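One structure is given here, and the rest of the page talks about it.
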Amino acid sequence: MSKRSLIGLSILGLVLLAAPARAMELSFLSGLYKSESDKVNGDDAGGKATIELGGRLGGEIDQRFHWFGESNLTLRTYDEGDSGDAPDNSTSLALGGGVRYYFSRFSEFSVPFTAAFARFKTDKNAEQDLTGITETESTGLYYGGRVGIRFGLDQDFFLDLETPLFESALFAQEKTELTTPAGVKTKFSKSRTDIYLNTTGALSSMVVALGLKL
């Protein structure tokens, strides 16, 4: 992890610790298990298994503003297949937090909100096909914004529907490595700094979070 990433995470942690915790909330963001296997001309070409878990903890600053911290962990394992070649197993992590602002209620049980967040993210993934093995890795500090609506299910449980407006890299390193079936490796890397807000285009990647008031 770079020095700038550590500084950014330290500042974020201090902000979250300084926030006065009143009512606390715990949300389940993601839970995934996926297994894939491939064949080429009837031969075993390997496969991939993915396990993902994510959650969010939050609390009130005042009636309108809430703070939150969230994390997501992804484990990927790969099978060699008949060729004997496979990417290395990998662990991906996203850790960060931010602030939410709640608007006036639509109804007794629903209220819209907007959120700003920052997070450190390291994501490693690989795909294997007839052209070879392509491994990608992105590491850095990202920031973004979201909009959503909260539905109160009862006194203790709630459901959040939210979608990202944008996510940009404050500073990030992106690496790609391609290994051909003949064993030839090609490496490509890029440094990114994105200082802009991009809210054009279709909204996607809606998050559905089921939460519990503690």
Side-chain angles (χ1 to χ4, degrees), residues 1 4-32 51-74 91-123 139-172 194-199 202-214:
M1 188 186 304
R4 289 190 298 178
S5 297
L6 288 173
I7 293 173
L9 283 177
S10 299
I11 294 173
L12 179 62
L14 290 174
V15 170
L16 293 179
L17 289 174
R22 299 178 184 176
M24 298 288 289
E25 302 172 350
L26 181 64
S27 300
F28 178 72
L29 294 179
S30 63
L32 168 71
I51 299 175
E52 180 178 329
L53 292 172
R56 176 190 295 149
L57 180 67
E60 290 185 4
I61 299 175
D62 59 28
Q63 187 175 4
R64 294 286 190 182
F65 285 96
H66 287 211
W67 65 269
F68 64 89
E70 57 190 16
S71 63
N72 194 83
L73 178 67
T74 304
T91 301
S92 299
L93 176 67
L95 180 64
V99 179
R100 245 186 209 185
Y101 178 80
Y102 287 90
F103 298 97
S104 299
R105 290 182 175 273
F106 278 158
S107 67
E108 183 180 357
F109 301 105
S110 62
V111 55
F113 61 83
T114 186
F117 67 91
R119 61 181 174 179
F120 171 78
K121 180 171 64 175
T122 175
D123 183 67
T139 303
L141 188 61
Y142 296 78
Y143 66 98
R146 305 171 182 148
V147 292
I149 186 168
R150 167 167 293 191
F151 297 95
L153 302 181
D154 60 19
Q155 186 175 356
D156 296 322
F157 288 93
F158 58 87
L159 182 69
D160 289 338
L161 300 180
E162 59 187 76
T163 189
L165 290 175
F166 71 96
E167 183 175 8
S168 302
L170 187 58
F171 36 83
D194 302 331
I195 308 297
Y196 70 95
L197 305 182
N198 182 9
T199 58
L203 299 178
S204 61
S205 303
M206 178 171 286
V207 176
V208 179
L210 178 62
L212 171 67
K213 296 180 180 179
L214 303 179

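As a basis for the values below, the full set of heavy atoms in this structure was taken, side chains included, without hydrogen atoms, waters or symmetry mates. A quick note: this is a predicted structure, and the numbers were derived from the prediction, not measured.
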Task: Euclidean distance, Phe113 CZ relative to Ile149 CD1, rounded to 0.5 Å - done: 8.5 Å
TODO: Mind checking the CZ-OH spacing from Phe65 to Tyr101? Nearest 0.5 Å is all I need.
DONE: 6.0 Å
Task: From Leu141 atom CG to Phe171 atom CZ, the distance as rounded to the nearest 0.5 Å - done: 4.5 Å
TODO: For Thr122, check side chain to side chain donor-acceptor pair (under 3.5 Å) against everything at least two apart and list the hits.
DONE: Thr139
- [ ] Report yes if some heavy atom in the side chain of Met24 is under 4.5 Å from a heavy atom in the side chain of Leu57; otherwise report no.
- [x] yes
Open item on the list: Within this structure, what is the CD1-OG1 distance for the pair Ile51 and Thr91, rounded to the nearest 0.5 Å?
Closed with: 10.5 Å
Open item on the list: Test side-chain contact (heavy atoms from CB on, under 4.5 Å) on Ser27 and Phe158; report intermediate values, then the result.
Closed with: CA-CA 9 Å; Ser27 300; Phe158 58 87; 3.6 Å; yes
Open item on the list: Could you report the tightest heavy-atom contact between Pro112 and Ser104, atom names first, then the distance?
Closed with: CD-O, 3.3 Å
Task: 4.5 Å side-chain heavy-atom contact, Glu25 and His66 - done: yes
Open item on the list: Applying side-chain contact (heavy atoms from CB on, under 4.5 Å) to Leu165 and Val147, what does each step give before you reach the verdict?
Closed with: CA-CA 7 Å; Leu165 290 175; Val147 292; 3.7 Å; yes
- [ ] Apply the test side-chain contact (heavy atoms from CB on, under 4.5 Å) to residues Tyr142 and Leu170: give CA-CA distance (whole Å), side-chain angles for both, the deciding distance (0.1 Å), then the verdict.
- [x] CA-CA 5 Å; Tyr142 296 78; Leu170 187 58; over 6 Å; no
Task: Shortest non-hydrogen contact between Ala116 and Phe68, atoms and distance - done: O-CZ, 4.0 Å
Task: Glu70 and Arg146 ion-paired at < 4.0 Å - done: yes
- [ ] Sequence neighbours left out, what passes side chain to side chain donor-acceptor pair (under 3.5 Å) with Ser71? Give chain and number order.
- [x] none
- [ ] Nearest 0.5 Å please: distance from the OG1 atom of Thr114 over to the CZ atom of Phe103.
- [x] 5.5 Å
Task: Side-chain heavy atoms of Glu52 within contact of Asn72, under 4.5 Å - done: yes
- [ ] Applying side chain to side chain donor-acceptor pair (under 3.5 Å), name anything that partners Tyr102, two or more places apart in sequence or on another chain.
- [x] Arg100, Arg150
Task: From CG (Leu73) to OG (Ser30), nearest 0.5 Å - done: 9.5 Å
